[in-house]
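Here the structure is a predicted model, which is why all the values come from computation and not from measurement.
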Amino acid sequence: MSKETLRGNASERYLSSLCQQSFLRLWSYPHIYRDQRGGGTQGKEVCDLLAIFGNHIFIFSDKSCEFPNSGDLNLDWARWYRRAILKSADQVLGAERWIRNYPDRLFLDADCTKPFPIRIPPQDVAIYHRIVVAHGAGPHCRNAMGGSGSLMLMPTERGPLPPFAIGAISPDDHYIHVIDDFTLDVVLNTLDTAPDVAQYLERKEAFIESGRLAGVAGEEELLAYYLQRTDAEGNHSFEIDQSLDFVVIDEGLWERFSNHPDRQAQVRADKISYAWDSLIDKFAEHTLSGTQYYSSGGSISDQEEGFRIIASENRTRRRLLSESLSEVLSRGDTQLRAARVHGPFSAGDPYYVFLSLQWPPDKTEEDYREVRRGLLESYCLVVRSKFADADRIIGIATEPLTVRGRSEDFAYFDGTDWSEVSQIEALRLQKELGILEVTADFNGVVSEYPSWLDPKLMAGRYRNQPCPCGSGRKLKKCHGVGKSTPVQSPLP
């Protein structure tokens with residue numbers, strides 16, 4: 001089914017699948033209800049989808065409305081706008097009010113028997129993102145305006161606007177994002193981790209509140225503008241020349257960005273990073289179903305805090321972590337025990353312990369899992385004894401890479417409460433078990449946009465295939481063997 005023909009429940013299911021991909025199953029929940037105290041036998045739907053990640057609250061309202069065809073475009077637009085956008089905006093704002101006032105009265109079912117499993121952040125630190133997903137206008141926008149069919153954004157404007165243009169739709173200063181058929185895919189398939197989505201929306205809202213964005217041809221163009229700029233800390237941003245009062249972003253930026261060889265190289269390089277997503281989802285599945293082999297006890301919210309640490313890594317960091325974990329598991333095929341300590345990316349980030357342990361044929365699964373779990377915890381203790389800044393340590397243990405149906409252990413060690421007794425115990429374990437007696441710094445560096453000239457990314461390309469630089473010539477006659485002409489990239 002085409003995304004442009006999605007209707008009703010189909011569009012909501014599609015939104016749910018995209019959000020589960022980006023936020024993962026532990027933090028994304030469709031169809032949230034509130035109880036009807038004082039009347040009614042069933043709960044009332046609060047929003048079409050609610051995602052909670054740390055202090056960020058993402059409220060989605062999805063509407064699929066047929067675009068009228070009376071022959072009067074202005075009238076047709078006004079009617080569709082009221083049904084698809086203003087009605088959804090009312091739902092989003094109503095959901096926000098309810099969550100602020102009654103955070104403990106959210107449920108996963110209409111009978112209100114299954115409480116929302118993730119703790120709502122305190123209101124003094126909560127960051128709300130209000131998102132309207134409006135289906136139905138894309139084909140008409142393309143016919144009338146050309147281009148991708150995405151809605152134009154004019155965030156500084158209020159009141160009625162020309163067809164296919166969206167201004168400020170909230171009655172107060174709370175910005176509401178409007179995403180259409182085309183840009184729903186673009187945003188959630190490009191920013192497909194919770195921290196990446198949160199950072200983009202937060203910085204977009206700040207950019208709009210600054211009044212320096214006069215207009216943009218579509219959400220995808222704004223995203224491309226953002227992804228090609230970084231601040232002093234290396235994070236994507238909307239920084240513009242201070243000599244400019246405002247900017248207008250025209251169409252074409254997204255197409256050039258998405259077709260650029262460096263962006264395509266990034267997509268290829270990121271493939272391994274989805275192993276990290278699968279690992280998180282596997283831990284989450286067992287947590288939600290209560291089928292963990294080991295459990296520290298406590299509610300889902302209590303357990304979620306540890307998993308949120310590994311889900312807080314953005315896509316680029318997940319690539320490096322996945323490569324590091326994969327290398328340890330590969331060594332595990334030839335070594336009884338293989339391990340690596342992955343240091344923090346920056347101050348305050350966690351340490352990671354990756355452990356592969358072969359399963360001796362004379363041991364039961366219960367005995368093997370018990371030994372592996374204890375060994376992983378011992379590694380975490382030794383890491384804390386060796387690194388004074390290891391306040392948070394994540395341990396992940398499993399079988400070697402070639403073992404089918406691998407099991408995984410997850411450990412979260414809080415190193416803030418460290419004593420002399422703990423240090424003595426860690427040193428004893430290090431000596432008895434031979435843990436990290438000799439260490440070498442592992443300073444992995446990963447570029448968000450790897451060069452498509454990287455031999456690893458060029459591997460497997462035939463000389464008669466088109467060159468990835470986009471010249472249109474064959475690889476052998478462009479950047480093939482004996483060619484190393486650099487190509488200027490607009491990407492950072």
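Ring geometry for Phe238 versus Tyr225: interplanar angle under 30°, hence parallel rather than tilted (30 to 60°). Using bins of under 30°, 30° to 60° and over 60° for the plane-to-plane angle, the ring pair Tyr352/His342 lands in the perpendicular bin.
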Donor-acceptor contacts, no H, no angles, side chain residues 77-86, under 3.5 Å, sequence neighbours left out:
{"unit_1": "Trp80", "atom_1": "NE1", "unit_2": "Cys65", "atom_2": "O", "d": "3.1"}
{"unit_1": "Trp80", "atom_1": "NE1", "unit_2": "His135", "atom_2": "O", "d": "3.4"}
{"unit_1": "Arg83", "atom_1": "NH2", "unit_2": "Glu66", "atom_2": "O", "d": "3.0"}

N/O donor-acceptor pairs under 3.5 Å from side chains in residues 274-281, not counting sequence neighbours:
{"unit_1": "Tyr274", "atom_1": "OH", "unit_2": "Asp192", "atom_2": "OD2", "d": "2.5"}
{"unit_1": "Trp276", "atom_1": "NE1", "unit_2": "Ile310", "atom_2": "O", "d": "2.9"}
{"unit_1": "Asp277", "atom_1": "OD1", "unit_2": "Arg315", "atom_2": "NH1", "d": "2.9"}
{"unit_1": "Asp277", "atom_1": "OD1", "unit_2": "Arg318", "atom_2": "NH1", "d": "3.2"}
{"unit_1": "Asp277", "atom_1": "OD2", "unit_2": "Arg315", "atom_2": "NH2", "d": "2.9"}
{"unit_1": "Asp277", "atom_1": "OD2", "unit_2": "Arg318", "atom_2": "NH1", "d": "3.1"}
{"unit_1": "Ser278", "atom_1": "OG", "unit_2": "Tyr274", "atom_2": "O", "d": "3.2"}
{"unit_1": "Asp281", "atom_1": "OD1", "unit_2": "Arg25", "atom_2": "N", "d": "3.2"}
{"unit_1": "Asp281", "atom_1": "OD1", "unit_2": "Arg25", "atom_2": "NE", "d": "3.4"}

Can you give the donor-acceptor pairs under 3.5 Å from side chains of residues 115-126 to other protein atoms, not counting sequence neighbours?
{"unit_1": "Arg119", "atom_1": "NH1", "unit_2": "Glu305", "atom_2": "OE2", "d": "3.3"}
{"unit_1": "Arg119", "atom_1": "NH2", "unit_2": "Asp302", "atom_2": "OD1", "d": "3.0"}
{"unit_1": "Gln123", "atom_1": "OE1", "unit_2": "Tyr128", "atom_2": "OH", "d": "2.8"}
{"unit_1": "Gln123", "atom_1": "NE2", "unit_2": "Tyr128", "atom_2": "OH", "d": "3.3"}

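Looking at heavy atoms from C-beta onward, Ile179 lies out of side-chain contact with Val132 at the 4.5 angstrom threshold.
With sequence neighbours left out, the ring-ring contact (aromatic ring centres under 6.0 Å, His included) criterion links Tyr412 to no other residue. When the side chain to side chain donor-acceptor pair (under 3.5 Å) test is applied to Ser210, no partner is found at least two apart in sequence or on another chain. By the side chain to side chain donor-acceptor pair (under 3.5 Å) test, Asp180 is found to be paired with Thr183, residues two or more places apart in sequence or in another chain being considered. For Asn55, there are no side chain to side chain donor-acceptor pair (under 3.5 Å) partners at least two apart in sequence or on another chain. Applying the side chain to side chain contact (heavy atoms under 4.5 Å, CB included) test to Asn74 and every residue at least two apart in sequence or in another chain returns Asp72, Pro163. For Lys282, the salt bridge (charged side-chain N to carboxylate O under 4.0 Å, His left out) test picks out Glu408, with sequence neighbours left out. By the salt bridge (charged side-chain N to carboxylate O under 4.0 Å, His left out) test, Glu219 is found to be paired with Lys204, residues two or more places apart in sequence or in another chain being considered. With sequence neighbours excluded, the residues that form a ring-ring contact (aromatic ring centres under 6.0 Å, His included) with Phe410 are Phe283, Phe307. Remark: Glu205 engages no residue in a salt bridge (charged side-chain N to carboxylate O under 4.0 Å, His left out) (not counting sequence neighbours).
Side-chain contact of His177 with His129: a donor-acceptor pair under 3.5 Å is absent, judged by distance alone. A donor and an acceptor atom, one from each side chain of Asn9 and Tyr14, are nowhere located under 3.5 Å apart.
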